[in-house]
Protein chains: 2
Amino acid sequence: MNFISRDTDYAVRALMFMAKGEKGEIITVDEIVRREKLPERFLRRILQKLAKNDILVSYKGKDGGFSLSKDADRIRITDIINIFQGHVDFAKCLLKGRKCPNTNSCSFRKKLKDIGAYVNKELGKITIGSL
Amino acid sequence: MNFISRDTDYAVRALMFMAKGEKGEIITVDEIVRREKLPERFLRRILQKLAKNDILVSYKGKDGGFSLSKDADRIRITDIINIFQGHVDFAKCLLKGRKCPNTNSCSFRKKLKDIGAYVNKELGKITIGSL
DNA sequence: ATAAATGATACTATATTAGTATTATTAAGG
DNA sequence: CCTTAATAATACTAATATAGTATCATTTAT
Ligand code: FES
Ligand code: FES
């Protein structure tokens with residue numbers, strides 16, 4: 001069981017590569033593909049999603065590409081995880097349709113919540129710039 | 001994205017229920033199903049797996065059922081997670097076939113590893129008995 | 001106009017998760 | 001020894017999530 005999904009991982013790697021360039025530099029998908037050996041079309045979609053979520057700025061047309069929308073130190077790993085994997089829920093009642101016999105008092109869920117809070121806090125400290 | 005899968009959750013709930021009884025008490029699947037409202041056949045398979053992994057002892061035949069194989073305080077949540085979800089990997093290189101450009105030096109992976117270690121340590125402290 | 005880039009969206013393939021069904025085996029008790 | 005009440009083993013199916021591909025539209029510098 002992996003904690004980090006493929007698209008999160010690819011996104012982080014692409015961002016790390018982009019962060020090496022000058023601030024605001026425009027980089028094309030092809031360039032990233034060449035350097036990081038990622039599947040092109042898949043990566044395109046990933047970068048598009050990052051642009052939609054204000055991590056990247058996209059420039060269409062000739063000489064276009066993507067640039068970081070903010071300083072690499074302000075892009076947190078949790079932002080990326082949230083975009084691609086949604087909120088990481090450490091403690092959700094899994095009894096969907098049926099009635100959960102002990103929703104509010106469940107001590108298991110309570111403990112997991114504490115651990116989840118810690119993980120989110122620590123992951124929030126990691127930024128693209130810090131890598 | 002959920003950290004805990006359905007079968008882990010069901011297993012924990014079943015074990016918590018069983019831990020309420022006397023030490024070594026034999027309990028049938030039907031009894032757990034009645035009390036915890038879990039899908040019977042699915043739960044059967046889950047308990048079988050727990051038995052195979054020495055969490056439960058199974059008694060076949062009439063008056064049979066399952067009992068805890070050890071004190072509830074010695075059954076850790078991590079044991080259950082490992083059985084049903086495998087080792088939780090916080091930091092694995094996701095570039096399978098292709099060559100990873102930076103396997104040994106990847107700082108992202110290194111940081112995730114630390115967090116994973118913490119989570120496993122904390123989860124290891126939680127036992128069925130403590131819930 | 002053309003070429004070189006992204007945008008949007010739909011499609012497909014594979015893996016994982018969740019659950020069901022079937023048949024065999026075991027052991028207690030009359 | 002037969003019946004009954006339990007688990008064991010295994011195969012099957014359905015739903016969902018993940019990973020990746022394909023197609024066509026739009027934009028912009030020259
Ligand atoms: S079971 Fe629904 S909350 Fe613990
Ligand atoms: S990318 Fe393979 S290890 Fe960081």
Side-chain angles (χ1 to χ4, degrees), chain A residues 1-11 13-14 18 25-34 37-67 69 81 83-89 92 94-98, chain B residues 1-11 13-14 18 25-34 37-67 69 81 83-89 92 94-98:
Chain A
M1 185 236 183
N2 288 327
F3 182 69
I4 299 291
S5 75
R6 207 62 76 91
D7 29 24
T8 299
D9 192 71
Y10 287 177
R13 295 240 289 280
M18 293 181 76
E25 184 182 359
I26 295 176
I27 298 170
T28 67
V29 176
D30 284 333
E31 213 173 327
I32 302 174
V33 166
R34 270 197 304 280
K37 311 266 187 269
L38 304 174
E40 186 222 330
R41 291 172 192 271
F42 193 34
L43 183 63
R44 288 205 116 81
R45 267 207 337 199
I46 288 171
L47 296 191
Q48 280 172 23
K49 213 168 176 183
L50 288 173
K52 263 195 184 158
N53 285 276
D54 295 318
I55 304 293
L56 297 178
V57 179
S58 80
Y59 300 90
K60 291 172 92 169
K62 190 161 181 169
D63 295 349
F66 293 93
S67 72
S69 77
I81 293 178
I83 289 169
F84 293 103
Q85 310 187 54
H87 170 67
V88 177
D89 206 336
K92 170 171 112 184
L94 291 171
L95 267 190
K96 288 194 281 197
R98 327 153 207 260
Chain B
M1 186 237 184
N2 289 326
F3 182 70
I4 299 290
S5 75
R6 207 63 76 91
D7 28 24
T8 299
D9 192 71
Y10 288 176
R13 295 240 290 279
M18 292 180 77
E25 184 182 359
I26 295 176
I27 298 171
T28 67
V29 177
D30 285 332
E31 212 172 328
I32 302 174
V33 166
R34 270 198 303 280
K37 312 265 187 271
L38 303 174
E40 187 222 328
R41 292 175 190 267
F42 193 34
L43 183 62
R44 290 204 115 82
R45 268 207 336 199
I46 288 172
L47 297 191
Q48 280 171 22
K49 213 168 176 183
L50 288 173
K52 264 194 184 158
N53 285 276
D54 293 320
I55 305 293
L56 297 178
V57 179
S58 80
Y59 301 90
K60 291 172 91 168
K62 190 162 180 163
D63 295 347
F66 293 92
S67 73
S69 76
I81 292 178
I83 290 169
F84 293 103
Q85 310 187 53
H87 170 66
V88 177
D89 205 337
K92 171 171 112 185
L94 292 170
L95 268 190
K96 289 194 279 197
R98 326 154 208 261

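Order of the sequence lines sets the chain letters (A, B, ...), proteins ahead of strands, with each chain counted from 1.
- If you check D:dA8, D:dA19, C:dA18 against the side chain of A:S5, the one that comes closest is D:dA19.
- Note: B:I46 CD1 to B:D9 CG = 9.0 Å, rounded to the nearest 0.5 Å.
- The residue B:K49 sits apart from the nucleic acid: no heavy atom pair falls under 4.0 Å.
- Taking atom CG on A:N2 and atom P on C:dT16, their separation rounds to 10 Å, with Å as the unit.
- C:dA4 atom C1' lies 17 Å from atom CD1 of A:I27, rounded to whole Å.
- Residues B:F84 and A:G64 each lie close to DNA chain C; by heavy-atom proximity, the contact nearer the 5' end of the strand is made by A:G64.
- For the pair A:I46 CD1 and C:dT6 C1', the interatomic distance rounds to 15 Å; values are reported in whole Å.
- Scored by the side-chain hydrogen bond (donor to acceptor under 3.5 Å, both in side chains) test, A:E31 finds no partners at all (sequence neighbours excluded).
- Side-chain contact between A:F42 and A:V33 is absent, with no heavy atoms from C-beta onward closer than 4.5 Å.
- Residue B:I4 contributes atom CD1, which lies 11 Å from atom P of C:dA18 at whole-angstrom precision.
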All N/O pairs under 3.5 Å across the protein-nucleotides 22-27 of chain D interface:
| residue | atom | partner | partner atom | Å |
| --- | --- | --- | --- | --- |
| D:dT27 | O2 | A:G61 | N | 3.1 |

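- Side chain of B:T8 to main chain of B:F84: no donor-acceptor pair is present (N/O by atom type, distance under 3.5 Å, no hydrogens or angles).
- Of all nucleotides listed (C:dA18, D:dA8, C:dT6), C:dT6 comes nearest to the side chain of A:R44.
- At C:dG19, one or more side-chain N or O atoms of B:Y10 fall inside 4.0 Å of OP1 or OP2 (strictly under the cut-off).
- Across the protein-nucleic acid pair, B:I32 atom CD1 and D:dA6 atom C1' stand 13 Å apart, rounded to whole Å.
- Distance from the side chain of B:V29 is smallest for D:dT7 among the nucleotides D:dA19, C:dA18, D:dT7.
- The separation between A:L50 atom CG and C:dA8 atom P is 13 Å, rounded to whole Å.
- Residues A:L56 and A:M18 are in side-chain contact: their nearest non-hydrogen atoms beyond the backbone lie under 4.5 Å apart.
- Note on B:T28: every side-chain N or O is 4.0 Å or more away from OP1 and OP2 of D:dA5.
- Interatomic distance, A:K37 NZ to A:I32 CD1, rounded to the nearest 0.5 Å: 13.0 Å.
- If you measure from atom CG of A:D63 to atom P of C:dT2, you get 19 Å, rounded to the nearest angstrom.
- Across the protein-nucleic acid pair, B:R6 atom CZ and D:dT16 atom C1' stand 11 Å apart, rounded to whole Å.
- Between atom CG of residue A:D7 and atom CZ of residue A:R45 there is a gap of 8.0 Å, rounded to the nearest 0.5 Å.
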